Amino acid sequence: MNKPDIIQPHATSRASERNFIFAAQSSRVVFAPGSLQRLPEEVEALGARCALVLCTPQQVVMAQAASALLGSASAGVFSGAEMHVPIDSAWRARRHASQVGADCMVAIGGGSTIGLGKAIALQSRLPIIAVPTTYAGSEMTPIYGITEAGVKKTGRDLRVLPRTVLYDPELSQHLPVGMSVVSGINAIAHAAEGLYAQDGNPVMSLMAEEGIRALAQGLRGIHRAPADMAARSACLYGAWLCGSVLGHVGMSLHHKLCHTLGGSFNLPHAETHTVVLPHALAYNASAAPQTMARIAAALGAPDAATGVFDLARELGAPTALHDIGMPEDGLPRVLELALSNPYWNPRPLEAGALKQLLENAWAGVRPGR
């Protein structure tokens, strides 16, 4: 009598994809043009009465408008948010929040501002209302990052997950095209790595593909017509999806390299992600071919790595680390740090191949050449 075939869990990627654990994270999301006007009632819904508005020095006017909306429920504006959240900046913000008696925070801006809110919440447990004005996606994650002594340390803690997120496409209408593009490709990086994450699941994979597709289309629309609100809305929608992926599954080599480059050499965050992503995808392509096919399809390109590179070049974004301030003699230090505390990655980390990846990214070589 013939024995029936036994299907092993790893026999097909389709079968293995069904073995997963999915723990949903709870944030209230309000997505609509003009949703900033809901800020007072969202603060009240948290049971808060004294909201500190956070921003960078460049976004004080917008933060003051948010503070005015809150009226007597505002604890004022703290405009000290900085890129990569230096530890000294975090301590100053924590002290200020305590001094003004804040019982919640409104972080209005991009990843730097939302990151500062997280640094405060990590210690104080104050709830965050995030009002993103870029496409980075940090508002949907329990991930925080603080830079100390030239090293950016990241972690996950549900205390820093914003309780409420107000997505208002109108707030990004004046975001310069160049910043819009790199911010959007930064978000695409979250989705791309989420598709081959060790703890990935089908729900996040669907969101990742849709997020990449929305951002690629939306960014092209913004590049053609910066005031196109449909394109702005598509990008913010894509940012929500990609940020949700980042918040639910682990990241890999790409994010490790970008945190190292940004924290150690103070490179601009979104631009670093934009430059490195094609090369990280090329490095992992042989170990995750089905993922690369899904990324390519979402981009409308024949190949994932070259698709991202060509999208960046088409939209006028930087494609070389040397163009965003990375010294060539710093590459060995980046390699050392990447190898010393590696993330899980679908392809094992190999010193020679990583060295080539960094050299290609520094020079701006198109993947595949």
Side-chain angles (χ1 to χ4, degrees), residues 56 80-93 110-116 118-119 122 134 136-138 141 143-157 160 179 182-183 185-187 189-190 192-193 246 250-284 312 317-345 347 349-365:
T56 62
E82 297 180 52
M83 187 171 62
H84 304 303
V85 194
I87 186 68
D88 291 343
S89 173
W91 278 115
R92 284 195 300 272
S112 297
T113 301
I114 294 168
L116 180 62
K118 291 178 175 183
L122 187 64
T134 69
S138 174
T141 82
I143 300 170
Y144 64 89
I146 298 175
T147 300
E148 184 174 9
V151 177
K152 187 172 185 178
K153 298 178 181 178
T154 62
R156 285 177 176 261
D157 194 309
V160 310
M179 180 52 68
V182 295
S183 178
I185 297 177
N186 178 15
H190 308 328
E193 290 224 296
L246 174 64
M251 298 288 106
S252 300
L253 173 64
H254 168 79
H255 282 73
K256 174 63 177 179
L257 291 176
C258 290
H259 289 155
T260 300
L261 286 160
S264 301
F265 295 92
N266 201 36
L267 300 186
H269 181 81
E271 288 86 342
T272 303
H273 278 271
T274 299
V275 171
V276 172
L277 181 59
H279 304 283
L281 292 178
Y283 183 94
N284 284 326
T319 55
L321 288 175
H322 71 74
D323 287 337
I324 60 172
M326 178 64 197
E328 187 174 13
D329 60 9
L331 295 181
R333 174 62 174 160
V334 177
L335 179 61
E336 177 188 351
L337 289 171
L339 292 171
S340 65
N341 184 26
Y343 286 17
W344 178 88
N345 193 63
R347 176 183 170 184
L349 301 190
E350 304 163 11
L354 278 178
K355 180 175 180 290
Q356 188 64 59
L357 181 163
L358 289 167
E359 290 174 351
N360 288 347
W362 186 84
V365 175

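Predicted model only: the values in this text are computed from it and were never measured.
- When the options Val275, Leu267, Thr272 are evaluated for a side-chain contact (heavy atoms from CB on, under 4.5 Å) with Met326, the one that passes is Leu267.
- The shortest non-hydrogen separation linking Ala338 to Leu349 is O-CD1, 4.0 Å.
- Scanning both residues, Leu335 and Ala351, for their nearest heavy atoms gives CD1-O, 4.0 Å.
- Using modelled atom types, no side-chain atom of Ser183 and backbone atom of Thr134 make a donor-acceptor pair closer than 3.5 Å.
- Residues Glu271 and Met179 form a side-chain contact, since some pair of their non-hydrogen atoms from C-beta on lies under 4.5 Å apart.
- Nearest heavy-atom pair across Arg347 and Asn345 is O-ND2, 2.8 Å.
- The CG atom of Leu331 sits 12.0 Å away from the CG atom of Leu354 when rounded to the nearest 0.5 Å.
- Of all heavy-atom pairs between Val85 and Gly115, the closest is CG2-C, 3.8 Å.
- Here the straight-line distance linking atom OG of Ser138 with atom NE2 of His269 works out to 8.0 Å at 0.5 Å rounding.
- Looking at Thr154, its side chain never comes within 3.5 Å of a backbone N or O of Gly145 through a donor-acceptor pair.
- Side chain of His84 to backbone of Gly150: no donor-acceptor contact under 3.5 angstrom is found.
- Shown here for Pro318 and Thr274, the closest heavy-atom pair between the two residues is O-CG2, 3.7 Å.
- Expressed to the nearest 0.5 Å, how far CD1 of Ile87 lies from NZ of Lys153 amounts to 9.0 Å.
- In this structure, OG1 on Thr113 lies 12.5 Å from CE on Met83, to the nearest 0.5 angstrom.
- The shortest heavy-atom contact between Leu321 and Leu358 is CD1-O, 4.5 Å.
- Inter-residue side-chain proximity for Leu116 and Ser89 is flagged as met; some heavy-atom pair is nearer than 4.5 Å.
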task = With side-chain contact (heavy atoms from CB on, under 4.5 Å) as the test, would you mind laying out the steps for His259 and Met251 before giving the verdict?
result = CA-CA 11 Å; His259 289 155; Met251 298 288 106; over 6 Å; no
ask   = What's the verdict on side-chain contact (heavy atoms from CB on, under 4.5 Å) for Thr147 and Asn266, showing C-alpha distance, side-chain angles and the deciding distance?
value = CA-CA 10 Å; Thr147 300; Asn266 201 36; over 6 Å; no
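- Formation of a donor-acceptor pair under 3.5 Å by the Glu193 side chain with backbone atoms of Ser252 is found in this model.
- No side-chain heavy atom of Leu122 sits under 4.5 Å from any side-chain heavy atom of Lys118.
- For His273 and His255, the distance between ring centers is under 6.0 angstrom.
- Taking a 6.0 Å sphere around CH2 of Trp91, one finds it holds 12 or fewer heavy atoms contributed by other residues, nucleotides or ligands.
- By the 4.5 Å heavy-atom criterion applied to side chains, Leu357 and Leu253 are counted as neighbours.
- Remark: His190 NE2 to Ile185 CD1 distance equals 12.0 Å, nearest 0.5 Å.
- The side-chain heavy atoms of Trp362 and His279, taken from C-beta on, include no pair separated by under 4.5 Å.
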